[in-house]
K.L.:
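Following this message is one structure expressed as structure tokens.
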Amino acid sequence: MKKDTDKTKEQLAIELEKLRKQSKKREKELKAAIETLDANNQQLRATEQQLRAANQQLDASNKQTRASETRMRNLFNAMQDLVFEMDYNGTYLNIAPTSSQLLVKPAEEVTGKTLHDVFPKQQADPFLQFIQKCIDENKADKIIYPIKFDNKTIWFEGRANPIGNKRVLYIASDITERKHAKEKLEEREEKYRTIFESAKDAIFIMQEDKFIDCNEKTLEMFGCDREDIIGEPPYEFSPEKQPNGRDSREKAIEKINKAIEGEPQLFEWVHTTKDGDLFHTEVTLSRYMINDERFVLAIVRDTTKHKQAEEALRESEMKFRNLSESTITGIMLYQNDYWIYANPAAEEVTGYTFGELKQMKFWEFTAPEYVDLIKERGKARQKGKHAPSEYEFKIITKQGKEKWVFLTGNTTELKSGKAGLITAIDITERKQAEIELTLAKAKAEESERLKSAFLANMSHEIRTPMNGILGFTELLKEPQLTGDEKDEYIRIIEKNGTRMLNTINDIVDISKIEAGHVEVRNTELSVNKLLDEQYNFFVRETTEKGLELNYSPSLPDNESRIITDQYKLEGILTNLIKNAIKYTETGSITFGYSTKSLKGKDVFEFYVKDTGIGIPAERIDAIFNRFEQADIEDTKVYEGSGLGLAITKSYVEMLGGEIVVNSKEGSGSTFTFNIPYNKKSSKENSSKKNSEEESGVSLKNLSVIVAEDDETSRMFFETILENHVKRITYTITGKETIEKCRENPDTDIILMDIKMHDINGYDATREIRKINKDVTIIAQTAHALEGDKDKALEAGCDDYIAKPIEKEILFEKIRACLNKKSI
Ligand code: ADP
């Protein structure tokens with residue numbers, strides 16, 4: 001039972017549990033239903049709220065619509081544009097109030113009117129067509145047109161919108177400013193395009209490593225079409241390798257990339273044309289940006305011509321340098337008073353290096369006497385005045401040497417400005433030659449003048465005594481002459497003969513001097529004795545003229561011995577004393593000597609002093625000249641050849657001395673000359689004496705043949721030889737001379753005339769030499785020409801003597817020849 005009870009209980013519990021569970025479930029369901037109810041209520045409330053809100057929104061939106069309507073109206077009213085409605089016939093309907101300012105006439109006047117009422121036909125027609133087209137096609141369209149307004153043209157851009165009812169709403173705005181701005185822009189663009197196209201350089205525009213545009217010049221420069229360039233990479237016209245061997249296309253790309261990065265590039269490049277011809281260029285790359293896009297502008301300048309010009313310049317520079325360095329002409333440039341260039345020849349001329357010249361003003365090496373001239377000319381040229389551009393002047397070289405230069409000056413244009421271009425040639429030698437030539441010319445002219453004067457004088461000097469001689473010889477023939485008259489005539493003839501002989505002697509002497517045939521024959525002599533002889537010779541003449549002649553020796557006889565040419569010393573003194581007498585009318589003539597030391601040497605100084613007419617100062621230098629007299633006119637008064645002093649001076653100089661004159665016109669003259677005091681040692685003196693004596697003795701034993709066809713000359717020989725030799729044989733022809741020589745083998749001397757009728761003296765000598773080698777033959781000739789002596793010696797003569805023969809010289813020669821043979 002229990003079990004049943006328990007079982008029932010259990011069942012009850014299960015039932016209860018079931019019930020409980022059911023009630024819980026119902027409770028849950030109830031709760032859920034209540035919650036749903038709540039939720040529905042809430043939803044209901046929310047919907048209510050939404051409804052209220054929607055109502056509120058509707059209200060607000062109504063308000064908004066009203067506001068926007070107002071705004072639209074305000075906007076319409078406030079619009080600046082021209083706004084109107086127009087029908088198919090072009091009638092103005094609604095016109096926005098503000099449009100009137102863009103209307104030709106006020107809105108109220110236009111409303112209801114047609115386009116043709118307002119505008120002329122040609123304006124109205126196209127506009128009406130436009131409106132009608134919009135309406136016909138029911139499509140909005142745009143129109144731009146100008147209208148003349150208050151003398152201005154206003155550009156409109158309008159849009160017509162069909163709005164139904166065969167109407168359009170037309171809105172237009174004033175685009176005049178925009179239009180002008182656009183025009184300006186277009187103009188500017190045109191300008192830039194023109195520049196771009198007409199540029200002398202090729203201009204490319206690149207973007208992203210490609211050419212996007214280029215100008216005409218580019219096509220011309222690269223010889224291609226636009227299509228060959230546009231879209232191509234930038235290295236398209238670069239050779240693989242640059243001629244310099246270093247750069248390649250990569251280098252060009254590198255530069256473009258740098259430009260793209262904003263770093264402008266400037267470089268030289270060799271480009272190639274489409275046909276492959278290379279040319280030099282200068283390239284500029286720069287970047288510019290448009291709306292963040294990067295472009296590269298490349299300007300390429302063809303520098304081929306420039307390069308060629310540069311090359312030519314370099315070449316001409318090189319040529320100039322070569323020329324300038326190899327020429328012997330000094331080339332110099334100066335600027336702002338300083339030398340800026342000097343070639344080696346200029347260095348040579350001036351003695352300064354270019355480095356030294358650079359520091360010098362341009363006149364610094366000019367000889368002082370030319371500095372002012374050079375400066376003046378420089379200044380004148382700077383002021384644009386004409387100044388000689390070629391001149392000769394002296395410079396002083398660095399070594400202090402004077403040089404003559406021939407200079408040319410020009411202006412040249414250098415990069416640094418104007419410069420003086422100077423060329424200088426050393427003309428020192430030419431200048432010296434010129435100076436010498438001028439002197440020689442003057443001398444030649446002078447000697448020409450003197451020769452004429454001389455000839456005139458000689459003619460006078462020969463004719464005058466000749467007239468005397470011939471005239472009085474003729475008179476002598478008169479049979480009824482008294483003895484005194486005859487004596488007087490003979491005296492006159494003698495005097496004239498002497499005068500003529502003097503003249504002829506002078507001519508012969510000077511000719512010999514000029515021909516260089518005068519030799520100095522030194523012997524020892526006593527000056528005291530020589531001056532005594534002079535005194536004795538002249539004292540009669542001076543006394544006759546009423547003049548005083550004074551002489552007193554300065555040294556004792558033994559000290560007055562010197563070695564000199566006696567003949568010449570005698571000649572000098574004779575000449576001076578003769579002149580003194582000639583040119584002195586009253587007073588005295590004094591002569592003498594003294595010894596002194598001159599320039600460290602002992603000399604004998606002789607003087608001849610007179611109280612005569614003196615010599616004008618301006619003629620003093622001339623009197624020693626050949627053919628010259630103190631006053632040529634004087635020859636008429638004071639006879640003379642004008643050669644005496646020239647001969648005297650030559651003789652003095654041959655003896656190793658000098659002659660001077662001290663004279664004052666009207667107060668007399670003093671001629672002073674010196675000769676070296678050559679003393680002989682006493683030993684030499686005595687030996688000389690002996691030989692002289694010996695020679696003297698030996699002359700006495702001589703057998704002489706005189707070959708001479710001129711009678712006068714024969715008489716002369718007779719006179720001078722008569723008392724000095726043993727035997728004289730005279731022959732007239734060459735043959736006869738040879739014969740006489742053969743007949744007389746003991747003959748010591750033959751005085752052989754050269755000019756004989758049959759065989760001349762030279763040939764006769766040759767013949768004689770065949771039979772007699774020892775006989776002394778002395779040739780004697782009147783020719784006295786250079787070369788005669790040589791011819792004589794060559795023919796076999798021992799010596800030669802010129803006519804007129806002087807006794808002493810002849811004796812001396814004879815002695816010399818014999819001495820030579822006896823050695
Ligand atoms: P000349 O034959 O004319 O005398 P010289 O050569 O001997 O020629 O002299 C040249 C000139 O010098 C003379 O003509 C004369 O005018 C001048 N003369 C020379 N000696 C004297 C002197 N003692 N007094 C003045 N004049 C002189």
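In listed order, ligands and their atoms are each counted from 1.
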K.L.:
So, applying ring pair (Phe, Tyr, Trp, His ring centres under 6.0 Å) with Phe591, which one of Phe671, Tyr607, Tyr551 is it?
P.N.:
Tyr551
K.L.:
Leu645 heavy atoms, cut-off 4.0 Å: which ligand 1 atoms fall inside?
P.N.:
5 (P), 6 (O), 7 (O), 9 (O), 10 (C), 12 (O), 19 (C)
K.L.:
Between Asn579 and ligand 1, is there a nitrogen or oxygen pair with a distance under 3.5 Å?
P.N.:
yes
K.L.:
Tell me which part of Ile615 gets within contact of ligand 1: side chain, backbone, both or neither, using heavy atoms under 4.0 Å.
P.N.:
side chain
K.L.:
Counting from 1, what ligand 1 atoms have a heavy atom of Lys582 closer than 4.0 Å?
P.N.:
1 (P), 2 (O), 4 (O)
K.L.:
When you compare the side chain of Val704 with that of Thr747, does any pair of heavy atoms fall below 4.5 Å?
P.N.:
no
K.L.:
For Gly644, is at least one N or O under 3.5 Å away from an N or O on ligand 1?
P.N.:
yes
K.L.:
Could you go through the side-chain hydrogen bond (donor to acceptor under 3.5 Å, both in side chains) check for Gln432 and Glu436 one step at a time?
P.N.:
CA-CA 6 Å; Gln432 266 160 5; Glu436 276 164 25; over 6 Å; no
K.L.:
Counting only heavy atoms from other residues, nucleotides and ligands, does the tally under 6.0 Å from CD of Glu618 exceed 12?
P.N.:
yes
K.L.:
Any atom of ligand 1 sitting under 4.0 Å from a heavy atom of Phe624?
P.N.:
no
K.L.:
Need the ligand 1 atom indices (1-based, order shown) with element for anything under 4.0 Å from a heavy-atom of Leu643.
P.N.:
6 (O), 8 (O)
K.L.:
Ring centroid separation for Tyr535 and Phe537, is it under 6.0 angstrom?
P.N.:
no
K.L.:
Report yes or no: does Arg521 contribute a side-chain atom to a donor-acceptor pair with the main-chain N or O of Asp565 at less than 3.5 Å?
P.N.:
no
K.L.:
Heavy atom of Gly612 under 4.0 Å from ligand 1?
P.N.:
no
